[in-house]
Colleague: 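So that we are looking at the same thing, I have put the structure below in structure tokens.
Keep in mind that what you see is a predicted model, and the values were worked out from it rather than measured. When a residue number appears, it is its place in the shown sequence, counting from 1.
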Amino acid sequence: QLQLVESGGGLVQPGGSLRLSCAASGLTLTYYAIGWFRQVPGEAREGVTCITSSGGSTNYADSVKGRFTISRDNAKNTVYLQMNSLKPEDTAVYYCALSGGAYDDYVRCLEYEYEYWGQGTQVTVSS
């Protein structure tokens with residue numbers, strides 16, 4: 001059974017850091033591009049960052065570039081999102097997702113290109 005479980009969310013002060021994890025079971029992450037998305041009430045889901053199946057290429061939204069870093073550990077079947085210099089605007093539910101196809105050389109963080117989704121983890125940035 002395929003399952004993606006996000007963890008690591010919580011309450012953090014502005015300027016602080018969090019590391020989110022997405023652990024996969026029932027599949028091998030090696031064969032998928034992976035994306036992190038976020039959503040707040042009343043707004044559309046936003047692509048935050050994504051990484052190719054090979055891990056050789058990444059993409060970031062302008063709003064997080066320079067502050068967030070995506071990485072993957074295929075041996076642990078886990079993907080991570082390191083979030084630094086957090087801002088109140090980063091408050092959202094964060095989801096990890098796997099692509100529906102193979103993306104070995106390039107990747108986009110477009111929601112419609114991703115097929116398998118986790119349940120999300122809440123990140124709240126507030127003083």
Side-chain angles (χ1 to χ4, degrees):
Q1 181 179 0
L2 186 153
Q3 188 174 27
L4 300 174
V5 180
E6 300 96 335
S7 63
L11 176 64
V12 64
Q13 296 182 0
S17 298
L18 285 174
R19 189 179 74 158
L20 306 184
S21 299
C22 177
S25 61
L27 55 78
T28 301
L29 288 182
T30 303
Y31 308 114
Y32 300 89
I34 305 172
W36 283 98
F37 298 79
R38 65 187 182 186
Q39 188 171 32
V40 300
E43 298 184 11
R45 188 145 54 186
E46 174 189 16
V48 178
T49 179
C50 44
I51 187 169
T52 56
S53 57
S54 67
S57 183
T58 58
N59 208 345
Y60 293 88
D62 290 340
S63 60
V64 306
K65 193 171 186 177
R67 300 188 298 118
F68 291 11
T69 303
I70 188 172
S71 62
R72 59 192 301 164
D73 187 337
N74 289 337
K76 296 182 179 179
N77 219 29
T78 302
V79 63
Y80 303 97
L81 179 63
Q82 179 66 46
M83 304 184 294
N84 299 325
S85 301
L86 283 163
K87 305 175 181 179
E89 307 94 273
D90 296 318
T91 297
V93 176
Y94 283 72
Y95 302 87
C96 66
L98 308 187
S99 63
Y103 296 89
D104 295 334
D105 301 316
Y106 68 95
V107 66
R108 300 183 295 185
C109 309
L110 301 176
E111 183 177 357
Y112 69 86
E113 294 186 342
Y114 292 79
E115 182 175 353
Y116 309 104
W117 295 80
Q119 295 300 306
T121 185
Q122 177 70 47
V123 172
T124 302
V125 184
S126 177
S127 59

Colleague: Looking at Gln82 and Ser17, what are the two nearest heavy atoms and their distance?
Modeller: NE2-CB, 4.0 Å
Colleague: Between the side chains of Ser54 and Asp104, is a donor N or O closer than 3.5 angstrom to an acceptor N or O?
Modeller: no
Colleague: Is Trp36 reachable from Tyr32 through a run of I, L, V, M, F, W or Y residues, each pair having side-chain heavy atoms under 4.5 Å apart?
Modeller: yes
Colleague: Suppose we screen for side chain to side chain contact (heavy atoms under 4.5 Å, CB included). Which residues come up paired with Val123, at least two apart in sequence or across chains?
Modeller: Leu18, Leu20, Met83, Tyr94, Val125
Colleague: Look at the side-chain heavy atoms of Ile, Leu, Val, Met, Phe, Trp and Tyr, link any pair under 4.5 Å apart, and say whether Tyr106 and Tyr114 land in one connected group.
Modeller: no
Colleague: Got a second to check how far Arg72's CZ is from Ser53's OG, nearest 0.5 Å?
Modeller: 6.5 Å
Colleague: What heavy-atom pair brings Leu27 and Ala24 nearest, and what distance separates the two atoms?
Modeller: CD1-CB, 3.8 Å
Colleague: Can you name the residues that form a side chain to side chain contact (heavy atoms under 4.5 Å, CB included) with Thr30, not counting sequence neighbours?
Modeller: Thr28, Asn74
Colleague: How far does CD1 of Ile34 sit from SG of Cys109, to the nearest 0.5 angstrom?
Modeller: 12.0 Å
Colleague: Got a sec, which residues hit salt bridge (charged side-chain N to carboxylate O under 4.0 Å, His left out) with Arg38, two or more places apart in sequence or on another chain?
Modeller: Glu46, Asp90
Colleague: Quick one: list whatever passes salt bridge (charged side-chain N to carboxylate O under 4.0 Å, His left out) with Arg45, sequence neighbours left out.
Modeller: Glu111
Colleague: When you group the ILVMFWY residues by side-chain heavy-atom contacts below 4.5 Å and let the links chain together, are Phe68 and Ile51 in the same group?
Modeller: yes
Colleague: Nearest 0.5 Å, what's the OG-CG distance between Ser21 and Asp73?
Modeller: 10.0 Å
Colleague: Rounded at 0.5 Å granularity, tell me how far CZ in Arg67 sits from OG1 in Thr49.
Modeller: 12.0 Å
Colleague: What orientation do Tyr95 and Trp117 show, parallel under 30°, tilted 30 to 60°, or perpendicular over 60°?
Modeller: perpendicular
Colleague: Taking Thr124 for its side chain and Leu11 for its backbone only, find out whether a donor-acceptor pair lies under 3.5 Å.
Modeller: no
Colleague: Nearest 0.5 Å, what's the SG-CD distance between Cys96 and Glu6?
Modeller: 4.0 Å
Colleague: Please name the pair of heavy atoms, one in Pro14 and one in Ser126, separated by the smallest distance, quoted to 0.1 Å.
Modeller: CD-C, 3.6 Å
Colleague: Taking atom OG1 of Thr78 and atom CG of Leu29, what is their separation to the nearest 0.5 Å?
Modeller: 7.0 Å
Colleague: Look at atom CD of Gln119 and say whether more than 12 heavy atoms of other residues, nucleotides or ligands are closer to it than 6.0 Å.
Modeller: no
Colleague: In the structure I gave you, are the side-chain heavy atoms of Ile70 and Val79 within less than 4.5 Å of one another anywhere?
Modeller: yes
Colleague: Suppose we screen for side chain to side chain contact (heavy atoms under 4.5 Å, CB included). Which residues come up paired with Val5, at least two apart in sequence or across chains?
Modeller: Gln3
Colleague: Is there a path of hydrophobic side-chain contacts, each under 4.5 Å between heavy atoms of I, L, V, M, F, W or Y residues, that connects Val48 with Val12?
Modeller: yes
Colleague: Within the distance-only criterion (no hydrogens, no angle test), does the side chain of Thr52 pair as donor or acceptor with the backbone N or O of Ala33 below 3.5 angstrom?
Modeller: no
Colleague: What residues form a side chain to side chain contact (heavy atoms under 4.5 Å, CB included) with Ser71, not counting sequence neighbours?
Modeller: Tyr80
Colleague: Honestly curious: do Val107 and Phe37 fall in one hydrophobic cluster under the side-chain, below-4.5 Å linking rule?
Modeller: yes
